[in-house]
Number of protein chains: 2
Amino acid sequence: MSPRGFSCHDHATCMSDMLERAETRCRDKGLNLTPVRRRTLEILLDEHRALGAYDLLAQLAAEGLGSQPPVAYRALDFLVNAGLAHKIEALNAYVACTHSGADHAPAFLICRGCRAVAEASTAPASGRLGDAARAAGFQIERTVVEAQGLCPDCQQDPAA
Amino acid sequence: MSPRGFSCHDHATCMSDMLERAETRCRDKGLNLTPVRRRTLEILLDEHRALGAYDLLAQLAAEGLGSQPPVAYRALDFLVNAGLAHKIEALNAYVACTHSGADHAPAFLICRGCRAVAEASTAPASGRLGDAARAAGFQIERTVVEAQGLCPDCQQDPAA
DNA sequence: ATCAGGCATGTTATAACATATCAACCCCGA
DNA sequence: TCGGGGTTGATATGTTATAACATGCCTGAT
Ligand SMILES: [Zn+2]
Ligand SMILES: [Zn+2]
Ligand SMILES: [Zn+2]
Ligand SMILES: [Zn+2]
C-alpha cells in the first residue's frame, strides 16, 4: 500500500536488496535466474520506471547478451511469471516488482511525464468491482489496476 | 455498477437504444457521427465484446467502408474521445460503452474465454489506490481497471 | 557410454498493433 | 471566390509481440 518510486532513497541498497530477494526466491522455487534474466531484472530495478521490451533489448544487445526480440520477451516472461516484474498494460512496458513478498495483486501509479512507476496493492475481491463480479457470476483471475497521472516532480515541471 | 454483457437481453433493442443515445449525444456536443464512425459503433455494439482494430477493419473493408488501418483507428479514436467506446488495455482491443450517461471512470470484467466484456464503474479517488496516490502526492488523471477471468458461460464450457 | 528428456538459448521470419504524412475533397462562411 | 476546418484516401513506416525450428547443455535412466 505504501508506494515507492517517487521518493528519494538509497538506490544502491534498494537494488541489492531486491536482487538478493530475487535470488532467494528463485532458489526456493527451483527457478533458474540465468545471467540474461538476472541482468534484465537489474536493468529494470536500476531504472525504477517502465521500460519497453525493445528498450531492454537495446541494453542487452549493447552488453552482448542477445540481439533478437525473443531474448527480451523470454526474459520478461520469466520475470513476470516468477513475480519479479510486472507488465504495465497501459504502456505496453515492464517494471520491476518492488513488493518484496509472495504473490500479490499489484496496482500502479504511473507518471506520464517521466514513466516512473509506484507499486501499491489492491484487494481484488473487495470493493465495487468485486461486488459487480459476484453479482454477474464472474470469476476473477487477475486484475489490472493502473492509475495514470503526474508524479510530484512532474507536476512542478515547466514541461507539464 | 451493475454489469451488462454476460446476461441475456433483447439485443436488437439494446443496440437501437445505444445508437440513438449516441446520435443524441453527438448532436448535443456538435460531433459528427459519420457513416464510418456510426458503422464502427454498430459493429462494436453488435458484438458486445472486445474487438481488435484489425478485426473491425476487416468488417469495414468487407462493407466497402475503407481498407487501410487509419480508417479503423480514426473511427475508434473518435468513438473513444466521444465516450462512446473504450479501449481495453490488457487486450489492445476496443469495446462499445454500455454506460449511457456522461463522462465516467469505467471498469471492466473481461472473459478470457469469449472476450465478452461487462462494464462497471469505479470510484477513482476512493479506496486504497486513492489513498496511496494522496500519500505520494500523485495526481490521478485516468484509471485503468480491468479484471480478467471467466464469465458464467465459459466457466461451464468444456474448453475452459 | 549412450541416449532421451527438459530447459535455456540462438536465429529467422512474421504476425499484430499503431501512427506519420501528404493529397484530395467537401462544406460553409467571409 | 476564396480560405479554413474537418473528413477521408492512400502510402509508408514504426512499434510491439510471437511462431517456428535449430542448437547446445545438463542430467538421469538404461
Ligand atoms: Zn509486485
Ligand atoms: Zn514524473
Ligand atoms: Zn463506458
Ligand atoms: Zn466467456
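Here is how names work: the chains are called A, B, and so on, in the same order as the sequence lines, proteins then strands, and each is numbered from 1.
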Practice item. Grab the CZ-P distance between A/Arg39 and C/dT9 for me, whole Å please. Key: 15 Å

Study note, to complete from the structure: In whole angstroms, the gap separating P of C/dT19 from CG of B/Asp77 amounts to 7 Å

Determine all donor-acceptor pairs shorter than 3.5 Å in which one atom belongs to a side chain in residues 67-80 of chain A; sequence neighbours excluded.
none

Review point. Atom CG of B/Asp55 to atom P of C/dC17: distance rounded to whole Å?
Key: 7 Å

Study note, to complete from the structure: Atom CZ of A/Phe78 and atom P of C/dG6 are separated, to the nearest Å, by 19 Å

Check your understanding: What are the bounds, 5' to 3', of the part of DNA chain D that sits under 4.0 Å from heavy atoms of chain B?
Key -> D/dT7 to D/dT11

Check your understanding: Given that B/Pro69 and B/Val36 both sit by DNA chain D, which one's nearest nucleotide is further toward the 5' end?
Key -> B/Val36

Point to revise | Protein-nucleotide distance (B/Leu76, atom CG; C/dT19, atom C1'), rounded to Å | key: 14 Å

**Study point:** Closest-nucleotide ordering on DNA chain C, the 5'-leading residue of A/Leu65 and B/Gly52
**Key:** A/Leu65

Review point. Is any side-chain nitrogen or oxygen of A/Arg37 closer than 4.0 Å to OP1 or OP2 of C/dA8?
Key: yes

Exercise for review: Grab the CG-P distance between A/Leu33 and C/dA8 for me, whole Å please.
Suggested key: 11 Å

Practice item. Check the angle between the aromatic planes of B/His48 and B/His9 and answer parallel, tilted or perpendicular using the 30° and 60° thresholds. Key: perpendicular

Check your understanding: Nearest 0.5 Å, what's the CG-CD distance between A/Leu150 and B/Glu141?
Key -> 4.5 Å

Point to revise | Any B/Cys114 side-chain heavy atom under 4.5 Å of B/Arg49 side chain | key: no

Point to revise | Separation of C/dT19 C1' from B/Gln68 CD (nearest whole Å) | key: 13 Å

Check your understanding: Would you say B/Met18 and B/Met15 make side-chain contact, with heavy atoms under 4.5 Å?
Key -> no

Point to revise | Validation row: B/Cys26, B/Leu84 side chains within 4.5 angstrom (heavy atoms) | key: yes

